[in-house]
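Reading through the structure tokens given below for one structure.
Everything quoted here is computed from the prediction, not taken from an experiment. For reference, positions follow the sequence shown, starting with 1.
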Amino acid sequence: MLAERLYMSGMESIGDDLNTMAPRPFADGQLAAIRGISTSRRYRPGEVVLAAGDALDRFVLVEEGEIEVTDPATGERLLPSTLKSGQFMGELAFLTGGPMTLTMRASVPTRTLEAPRAAMLRLMSDVPEIGDHVLTVFAARRRRIFEAGDSSLIVRGADRDPAVARVAGFLNRNRIPFHEETEGQPEVIWSGRALVDPTPRAVARHLGLDLKATPAETLDLIIVGAGPAGVAAAVYAGSEGLRALVIEDIAIGGQAGTSSRIENYMGFPTGISGADLTFRGQVQAMKFGTRFAMPRKVEALSKREDGFCVTLDGREELCARAVLVATGVQYRRLPLDRLEEFEGAGVYYAATEMEARLCSQTEVVVVGGGNSAGQAAMYLSRVADRVHVLVRGASLAETMSAYLRERLEADPRITIHTGSQLERLDGGAHLEQVTVATPSGSMSVDCRALFIMIGAAPNTDWLSGLVKLDSHGFVRTGAEVGALSSFATSCPGIFAVGDVRSGSVKRVASSVGEGSVVVSAIWSHVNAPPPQTVGIGG
């Protein structure tokens, strides 16, 4: 754990370091604007301002007194510092109206200014200086409580229960604060109560991340997929005033969110994880009013007279004037006996901090020759005894960036096996050993963690035949389907960007660029005047 923290320490994160930020009060004019939408309230010492589990439905600014953070379980003060005059309460969950994961209470007689959430969001949009200040503090707080694990959401025994591990992975990849415990019965606890059905969807409902749009609501744009392309489109759609909703079935970041360290994305010279990069984009998009629903899966798409409707798991239906396909690709599953049995119990498709915790004092096998596999191998080598990289081809030269390939070859804890592939998986309730076919014969590796990062299967089954696909199932766009926009499909009103698009460059920067540019064509489609009908006079 210490090694991986050292590896991550030089990278960009989801926000500034709260410990190094000096408190900065609002300017007089800004404070007057906040006062104009607020009411004054007083609290007695020990009175709860907002309890863990309560929705962040108002903006709370301290005028006099102090507010402290308390442990929801013990009622004791959790942090030595308090919020004093001029400081405000809350973190990024305020943008969605999600719940507090910690309890806030007055430690002395306290007077506050309290503004309704909707009014404060409007003010943050109208006065960018206020919005920038609030978001900077909120992001720094989210980083602190996420890294410290200060939360009333407790995940226990993720290393022993695949269902609990899936919840932990969902929370980790979406940068949602939770407290992790290794001892005790595997379970997920929210505000003191164990969840009967510990699934990402169940946790999302408690955290206010599930679908909030009503079926009767008509949107301008539904974005399916929250990888780099989808999140970039979400930012620009919101900034252009489009009513947009992003639907994601796993976690913000998509396949890029599983990359532990991206070093060749412009603007981040020390690197940034895929999850942190896309999380920042999500915060930007929410600032402009774009909403997110997860983990929800789109199962079908239908054409309607005034647009399109998507059918979700759970049978809800949502309609919009336009649809953006940004579902990306997924790693292919290998045809191995017991593979499904070991998924979540030794077989993984992402190498994030959550999975890295399970790799201490064991050998690890990474299957794949692309950049994602290389980044995973470098990341895991900081915690595992040894990392074996299995490559079916003769070398990594054609599939991996040179800087990454050279690092793998120079790392004494990484062994690259070319011309090799998995042959067999063995173990009890958890993976214990893999057998590898190499040019020199079979090789057995005792390991409890296998990472599969090969192939690129497009996620297009839900399109219901409305758009043309190429022979590999990727969405065809632009001139080859007679469309004016490079990102328009054969069906007017449906657009595609990122890895799911036929002929796209499979890079994060390219996906972000496509997601940004496509919004111009979407805006034109949504705001096009209705076709004129010619009547016959009598």
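- Proximity of a side-chain donor or acceptor of R413 to a complementary backbone N or O of S381 within less than 3.5 Å is detected.
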Please test V366 against V364 for side-chain contact (heavy atoms from CB on, under 4.5 Å), starting from the C-alpha separation and ending with a verdict. CA-CA 7 Å; V366 177; V364 169; 4.3 Å; yes
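- In terms of modelled atom types and a separation under 3.5 Å, the side chain of T418 and the main chain of G393 share no donor-acceptor contact.
- At a threshold of 4.5 Å between non-hydrogen side-chain atoms, the residues V475 and S502 do not count as touching.
- Taken to the nearest 0.5 Å, the CD1 atom of I189 stands 5.0 Å off from the CD1 atom of I154.
- Between D197 and L195 there is no side-chain heavy-atom pair separated by less than 4.5 Å.
- In terms of heavy atoms, F342 sits closest to G428 at CE2-O, 3.6 Å.
- At least one side-chain heavy atom of P228 sits under 4.5 Å from a side-chain heavy atom of V508.
- Checked against I176 for a side chain to side chain contact (heavy atoms under 4.5 Å, CB included), the options T101, L209, V203, I145 give a single hit: L209.
- When ring centroids are compared, F94 and F138 come within the 6.0 Å threshold.
- A salt bridge links R382 and D411; the closest N-O separation between the charged side-chain nitrogens and carboxylate oxygens is under 4.0 Å.
- For the pair E363 and R386, the salt-bridge criterion is not met [side-chain N within less than 4.0 Å of a carboxylate O].
- Atom OH of Y348 sits about 7.0 Å away from atom SG of C359, to the nearest 0.5 Å.
- V391 and G368 get closest at one heavy-atom pair: CG2-O, 4.1 Å.
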Please determine whether side-chain contact (heavy atoms from CB on, under 4.5 Å) holds for the pair I222 and L318, giving the CA-CA distance in whole Å, both sets of side-chain angles, and the decisive distance to 0.1 Å. CA-CA 8 Å; I222 292 175; L318 292 172; 4.0 Å; yes
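- Side-chain atoms of T258 come within 3.5 Å of backbone atoms of Q255 as a donor-acceptor pair (strictly under, hydrogens ignored).
- One N or O on the side chain of H179 and one on the backbone of G149 form a donor-acceptor pair closer than 3.5 Å.
- Heavy-atom minimum distance, L207 versus P99: O-CD, 3.1 Å.
- Between I14 and R142 the shortest side-chain heavy-atom distance falls below 4.5 Å.
- A distance of 10.5 Å separates CD in E409 from CD1 in I414, rounded to the nearest 0.5 Å.
- No side-chain donor-acceptor contact under 3.5 Å links R424 to the backbone of L336.
- Between the CD1 atom of I223 and the CG atom of L221 there is a distance of 4.5 Å, given to the nearest 0.5 Å.
- Within the 3.5 Å criterion, the main-chain N or O of V325 finds no donor-acceptor partner in the side chain of T327.
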Given the rule in the side-chain contact (heavy atoms from CB on, under 4.5 Å) test, do F146 and S151 qualify, once you have shown the distances and angles that lead to the verdict? CA-CA 8 Å; F146 175 74; S151 175; over 6 Å; no
Under the side chain to side chain donor-acceptor pair (under 3.5 Å) rule, what do S442 and E423 come out as? Steps first, then yes or no, please. CA-CA 8 Å; S442 293; E423 199 171 59; 3.0 Å; yes
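- In this structure, the side chain of R280 engages the main chain of S13 through a donor-acceptor pair within 3.5 Å.
- Between A165 and A158, the shortest heavy-atom contact is CB-O, 3.3 Å.
- Of all heavy-atom pairs spanning E353 and Y379, the tightest one is CA-OH, 3.2 Å.
- One N or O on the side chain of R296 and one on the backbone of D313 form a donor-acceptor pair closer than 3.5 Å.
- Under the 4.0 Å criterion applied to side-chain N and carboxylate O atoms, E343 and R333 are assigned as salt-bridge partners.
- A salt bridge links R105 with E68: the distance from a Lys NZ or Arg NE/NH1/NH2 to an Asp or Glu carboxylate oxygen falls below 4.0 Å.
- In the model, Q375 has a side-chain atom that pairs as donor or acceptor with a side-chain atom of S259 under 3.5 Å.
- A496 and T477 get closest at one heavy-atom pair: CB-CG2, 3.9 Å.
- Contact of the M286 side chain with the T96 side chain is registered, since non-hydrogen atoms from C-beta on lie closer than 4.5 Å.
- Counting only heavy atoms from C-beta outward, the side chains of V329 and N459 never approach each other to under 4.5 Å.
- Under a 4.0 Å N-O distance rule, the pair D210/R201 qualifies as a salt bridge.
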Derivation of the side-chain contact (heavy atoms from CB on, under 4.5 Å) call for S152 and W190: CA-CA 6 Å; S152 59; W190 170 243; 3.7 Å; yes
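- With a 4.5 Å cut-off on side-chain heavy atoms, L153 and H206 do not count as touching.
- A salt bridge does not link D499 to R501: none of the charged nitrogens lies less than 4.0 Å from a carboxylate oxygen.
- Using a 4.0 Å cut-off between charged side-chain N and carboxylate O, R144 and E91 make no salt bridge.
- Once rounded to the nearest 0.5 Å, the distance linking CG of D276 with CD1 of I262 reads 9.5 Å.
- Remark: K506 qualifies as a cation-pi partner of F474 under the 6.0 Å distance and 45° angle criteria applied to the six-membered ring.
- Under a cut-off of 6.0 angstrom, the local environment of CZ in R392 is sparse, with at most 12 non-hydrogen atoms contributed by other residues, nucleotides or ligands.
- Rounded to the nearest 0.5 angstrom, I247 CD1 and M294 CE are separated by 12.5 Å.
- Looking at heavy atoms from C-beta onward, V231 lies out of side-chain contact with V246 at the 4.5 angstrom threshold.
- Ionic pairing of R338 and E340 is not present here: no N-O contact between side-chain nitrogen and carboxylate oxygen is shorter than 4.0 angstrom.
- Of the possible donor and acceptor atoms, one in the side chain of H430 sits under 3.5 Å from a partner among the backbone N and O of A345.
- The backbone N or O of L312 lies less than 3.5 Å from no partner atom in the side chain of R315, so there is not a single donor-acceptor pair.
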